[in-house]
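What follows is a short report on a single structure.
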Amino acid sequence: MAFDQVKPLKGYELVMEQLKNRILSGEFAPGTKLPSVVDLASSFGVGRSTIREALSALKAMGLVEIRQGGGTTVCTELPKEPGQSDGADLFASAQSIRELLEVRKILETGCASLAARNRTEADLSSIEEELQLMETYVHDEAKGEEADVRFHLKLAGATHNSLLISMMESMSERLHDSMKESRRLWFYGERAEAHRLLREHSDIFEAIREKDESRAFEAMMTHLGKVEGVLHKAIAETGLGDR
């Protein structure tokens, strides 16, 4: 399989674009397993880290699935064309999960702080319900992910700011991808310390319960900062699909 070779200094964008075009053209059909990181690096004439970044970007776009020990596969259902996803396409050009985490830092720290100010008792009960589900399903990845996503969306709802809620909802598809991928990377990078992840969500909840805006902001920033750290470590050391 021939690829146009690129120089490492040009970055992962060129690699990403070639793979993206082949996926969208149907050359790599849905469900197709891509070559290994080693083989792609050899074909493109770049380092493995460049390939990892390119695959991470494709994952963020919803084009591929990356499984530790299972390689990289083209998603069976590709994203909708721009303009058909009620605003989710705003994130279709995201370069990587890193960019999504940067957006989450800006958006969700603000949501946490405002939720601490505006939350109602009903909001607390609703958010706590998801926290309890995360604890119940602490070792069930799929159900734990669902509760995690709902936790963050309900937290946004507790701001009672229609624009923030609308932004979270319109970007939910990509934010969901980020949350789910972050959880997988966390459990791999931190040797499955699920209870530690739960504690961080509990810290956010408690700050909101106490109406402590500053503490809620910091708890969310700390949580997302640690997730980002796990992501960097996973890319650098485990390869996100390096085979």
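Any value given below was found using the heavy atoms of this structure, including those in side chains, with hydrogens, waters and symmetry copies removed. This one's a predicted model, so the numbers in the text were calculated from it and none came from an experiment.
Atoms CD and NZ, on Glu129 and Lys154 in that order, are 4.5 Å from each other to the nearest 0.5 Å. Atoms CD and CG, from Glu128 and Leu133 in turn, are 11.0 Å apart once rounded to the nearest 0.5 Å. From Ile204, atom CD1 reaches atom CZ of Arg199 across 13.5 Å, with rounding to the nearest 0.5 Å. For the atom pair CG of Leu58 and CZ of Phe28, the computed distance is 10.5 Å after rounding to the nearest 0.5 Å. Between Asp212 atom CG and Glu206 atom CD the span is 11.5 Å, to the nearest 0.5 Å.
Contact annotation: the side chain of Phe44 never approaches that of Thr50 to less than 4.5 Å [non-hydrogen atoms, C-beta and beyond]. Between Leu198 and Leu131 there is a side-chain heavy-atom pair separated by less than 4.5 Å. Counting only heavy atoms from C-beta outward, the side chains of His152 and Met220 approach each other to under 4.5 Å. Using a 4.5 Å heavy-atom threshold, the side chains of Glu17 and Asn21 count as touching.
Using a cutoff of 4.0 Å between basic side-chain nitrogens and carboxylate oxygens, Glu210 and Arg215 are not scored as salt-bridged.
Hydrophobic clustering places Leu153 together with Leu163 (ILVMFWY residues linked when any side-chain heavy atoms are closer than 4.5 Å, directly or through intermediates). Criterion: ILVMFWY side-chain heavy atoms under 4.5 Å apart, direct or through other members. Under it, Val149 and Leu107 are part of a common hydrophobic cluster. Linking ILVMFWY side-chain heavy atoms closer than 4.5 Å, directly or via other members, places Leu55 and Leu78 in a single hydrophobic cluster.
Under a 3.5 Å cut-off, the side chain of Ser25 and the backbone N or O of Arg22 do form a donor-acceptor pair. Asp148 places no side-chain N or O within donor-acceptor distance of the main-chain N or O of Gly144, the cut-off being under 3.5 Å. Using modelled atom types, no side-chain atom of Ser42 and backbone atom of Val38 make a donor-acceptor pair closer than 3.5 Å.
Here the shortest heavy-atom pairing between Cys75 and Glu65 reads SG-CG, 3.6 Å. Pairing each heavy atom of Lys143 with each of Tyr137, the nearest pair is CD-CE2, 3.5 Å. Between Glu108 and Leu224, the shortest heavy-atom contact is CB-CD1, 4.3 Å. Closest of all the heavy-atom pairs between Phe205 and Leu124 is CE1-O, 3.5 Å. Contact detail for Ala54 and Val15: the closest heavy-atom pair is CB-CG1, 3.7 Å. The nearest pair of heavy atoms linking Val74 to Pro30 is CG1-CA, 3.8 Å.
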Would you tabulate the side-chain donor-acceptor contacts of residues 114-122 under 3.5 Å, counting partners in other chains and residues two or more places apart, or write 'none'?
unit_1 : atom_1 : unit_2 : atom_2 : d
Arg117 : NE     : Glu213 : OE1    : 3.4
Arg117 : NE     : Glu213 : OE2    : 3.3
Arg117 : NH2    : Glu213 : OE1    : 3.2
Asn118 : ND2    : Thr159 : O      : 2.8
Arg119 : NE     : Ile208 : O      : 3.2
Arg119 : NH1    : Glu121 : OE2    : 3.1
Arg119 : NH2    : Arg209 : O      : 2.4
Thr120 : OG1    : Ala122 : N      : 3.4
Thr120 : OG1    : Asp123 : N      : 3.1
Thr120 : OG1    : Asp123 : OD2    : 3.1

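Through direct or indirect side-chain contacts shorter than 4.5 Å among Ile, Leu, Val, Met, Phe, Trp and Tyr, Phe217 is connected to Met221.
Every residue two or more places apart in sequence or in another chain that forms a side-chain hydrogen bond (donor to acceptor under 3.5 Å, both in side chains) with Lys105 is listed here: Glu228.
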